[in-house]
Colleague: 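Okay, handing you the structure first.
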Amino acid sequence: MQTVFDRLVLEIANQIPRGKVTTFGEAAKALGDVRAARAVSISILRGVRRMGGPWHRFVASDGSLGKFAAEKYELLSSEGIPIRAGRICNLERFLMRAEEFEVQPILLKMRLAQRKLRERIILEDRFESKELVAGVDVAYGWEGDLEIGYGACVVVDSKLDVVEVKTVRMRTAFPYVPTYLAFREMPFIVASTRDVKFDILLLDGHGIAHPERIGEACHAGLVLGKPAVGIAKSILVGRMVNGVIVHEGEEVGHVVKMKGKNPVFVSPGHMVSVETSKLLVKRFWGPYRQPKPLAMAHEVAKKLKNGEISPTIDLLKGD
DNA sequence: GCGACAG
DNA sequence: ATCTTGTCGC
């Protein structure tokens, strides 16, 4: 119950009267995008339920109860909701739809922000140098109902030697919602790269291979004013055509397949071309399943989460 | 059962 | 991404 998203979900929960229910999807739509349905359910379970709120008035779109069905059955039954075979009967009769909620459509606002920001994306090579490449990654964990993120930035030089490592620990400000990943991870990217010297940024996720053509790598490149490349393990949008990711008729990225490794999907974020993005990923690969800076950042973030190392910056207790 | 949506 | 025992493959 700590993020803006959690507070908005709670507002929705408090607008459902006794004898009514809503679905995770309808609540997500009220917030501006059905894609947030999963995030809504997590927020309900870890936030609203723990604080004793009306968590039971949220069900799946087919009327099934979902997690803690037995407990939810008792609570809904006592409020007059008919349930048979684990499903609400005549769901539409008791359902509150998205339009009935009065809540800030935060995801819609974020989508508009993405559309405004994407106008500034440059898909041409604009390098000062290609000597120092930074990789950033974030690991996540829960402490009760508080979600904590552990960010790591690792910089390597042209010989693939690690020249700098910076880490940060802080609370997560936004849940994971497909196509809005940047809003979850940008705070960690900004904090872990602050005062770090590098020429190119690599991160887990997509660049322009995104439904709005502005994935996390674009967002990060724009905010930091640096060339940035996205490297993902699966496709978000588009189809593979001869090693190229094609979305709505445009070439938005490449499939890079290194010997003995699973393929990765590479798309430019900012100040780099589609072609150069691919070459850079190969150039800084190393003996891992992804480019060395990313593999290292992943390891460091995991160690930080496990308490094996302490953070350069700890925003949990000041610093 | 199908389709599947980065991390 | 995280949750997790035993299981599979080199």
Side-chain angles (χ1 to χ4, degrees), chain A residues 3 5 24-25 28-29 32-43 45-46 60-62 64 67 107 110-111 114 135-153 169-189 192 201-221 228-240 245 247 252-256 259-269 277 281 289-291 294-295 297-307:
Chain A
T3 69
F5 187 88
F24 302 112
K29 276 190 257 178
D33 196 326
V34 257
R35 276 180 271 233
R38 241 91 118 223
V40 167
S41 82
I42 292 170
S43 181
L45 256 25
R46 302 204 79 117
S61 60
D62 63 357
S64 59
K67 285 248 181 190
L107 292 162
M110 287 159 58
R111 189 60 97 211
Q114 287 177 322
V136 295
D137 193 26
V138 189
Y140 298 93
W142 292 87
E143 284 182 19
D145 59 353
L146 267 190
E147 194 184 22
I148 311 294
Y150 305 83
C153 172
R169 175 172 78 152
M170 63 180 159
R171 275 158 55 171
T172 290
F174 202 78
Y176 169 66
V177 179
T179 76
Y180 301 87
L181 177 62
F183 293 92
R184 176 170 174 76
E185 301 204 326
M186 275 312 297
F188 296 91
I189 295 172
S192 68
L201 182 70
L202 265 39
L203 49 80
D204 284 315
H206 290 284
I208 60 171
H210 177 281
E212 296 290 339
R213 299 288 206 288
I214 176 162
E216 182 181 38
C218 305
H219 213 126
V229 177
I231 296 100
K233 297 168 198 70
S234 64
I235 285 188
L236 216 205
V237 293
R239 304 189 61 171
M240 288 170 54
I245 305 171
H247 180 54
V252 294
H254 279 104
V255 181
V256 172
K259 202 182 302 177
K261 311 290 177 187
N262 289 324
V264 294
F265 304 92
V266 180
S267 60
S277 297
V281 166
R289 54 177 298 209
Q290 58 190 325
L294 279 181
H298 185 76
E299 287 308 309
V300 172
K302 201 160 59 178
K303 282 183 181 172
L304 186 64
K305 181 190 166 185
N306 294 335

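Chain identifiers are assigned alphabetically (A, B, ...) following the order of the sequence lines, protein sequences preceding nucleic acid strands; residue numbering begins at 1 within each chain. Heavy atoms only: backbone and side chains are in, while hydrogens, waters and symmetry mates are out. In this text, all values refer to a predicted model and were calculated from it rather than measured experimentally.
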Colleague: Rounded to whole angstrom units, what separation is found between the CG atom of Leu294(A) and the P atom of dA6(B)?
Modeller: 17 Å
Colleague: Where the side chain of Lys305(A) is defined as all heavy atoms beyond and including C-beta, which of dC5(B), dG7(B), dT2(C) is the nearest nucleotide?
Modeller: dT2(C)
Colleague: To the nearest Å, how far apart are Ile208(A) CD1 and dA6(B) P?
Modeller: 18 Å
Colleague: Taking 4.0 angstrom as the limit, do Lys233(A) and Asp204(A) come out as a salt bridge?
Modeller: yes
Colleague: Can a donor-acceptor pair be found, under 3.5 Å and without considering hydrogens, that links the side chain of Arg46(A) to the backbone of Gly144(A)?
Modeller: yes
Colleague: In whole angstrom, give the distance that lies between atom CZ of Arg38(A) and atom C1' of dA1(C).
Modeller: 13 Å
Colleague: Select base, sugar-phosphate, or nothing to describe what Tyr176(A) touches, counting heavy atoms under 4.0 Å on all strands.
Modeller: base
Colleague: NE2 of His210(A) versus P of dG7(B): gap in Å, rounded?
Modeller: 13 Å
Colleague: Would you mind reading off the distance between Trp142(A) atom CH2 and dT2(C) atom C1', rounded to a whole angstrom?
Modeller: 11 Å
Colleague: At 4.0 Å (heavy atoms only), tell me whether Phe174(A) reaches a base, stays on the sugar-phosphate, or touches nothing.
Modeller: nothing
Colleague: Base, sugar-phosphate alone, or nothing: which one does Ala139(A) contact when heavy atoms must sit under 4.0 Å apart?
Modeller: sugar-phosphate
Colleague: It should be established whether Ser234(A) places a side-chain nitrogen or oxygen under 4.0 Å from OP1 or OP2 of nucleotide dG7(B).
Modeller: yes
Colleague: Round to a whole Å and report the spacing from NZ of Lys233(A) to P of dT2(C).
Modeller: 10 Å
Colleague: Yes or no on side chain to side chain contact (heavy atoms under 4.5 Å, CB included) for Tyr140(A) and Lys305(A), after CA distance, side-chain angles and deciding distance?
Modeller: CA-CA 7 Å; Tyr140(A) 298 93; Lys305(A) 181 190 166 185; over 6 Å; no
Colleague: Closer than 3.5 angstrom, by distance alone: can the side chain of Arg171(A) be matched with the main-chain N or O of Ile148(A) as a donor-acceptor pair?
Modeller: no
Colleague: From Tyr180(A) OH over to Met110(A) CE, what is the distance, rounded to the nearest 0.5 angstrom?
Modeller: 6.5 Å
Colleague: So what does Lys302(A) touch, heavy atoms closer than 4.0 Å: a base, only the sugar-phosphate, or nothing?
Modeller: nothing
Colleague: OH of Tyr140(A) versus P of dA1(C): gap in Å, rounded?
Modeller: 10 Å
Colleague: Rounded to whole Å, please give me the gap between CD1 in Ile235(A) and P in dG7(B).
Modeller: 11 Å
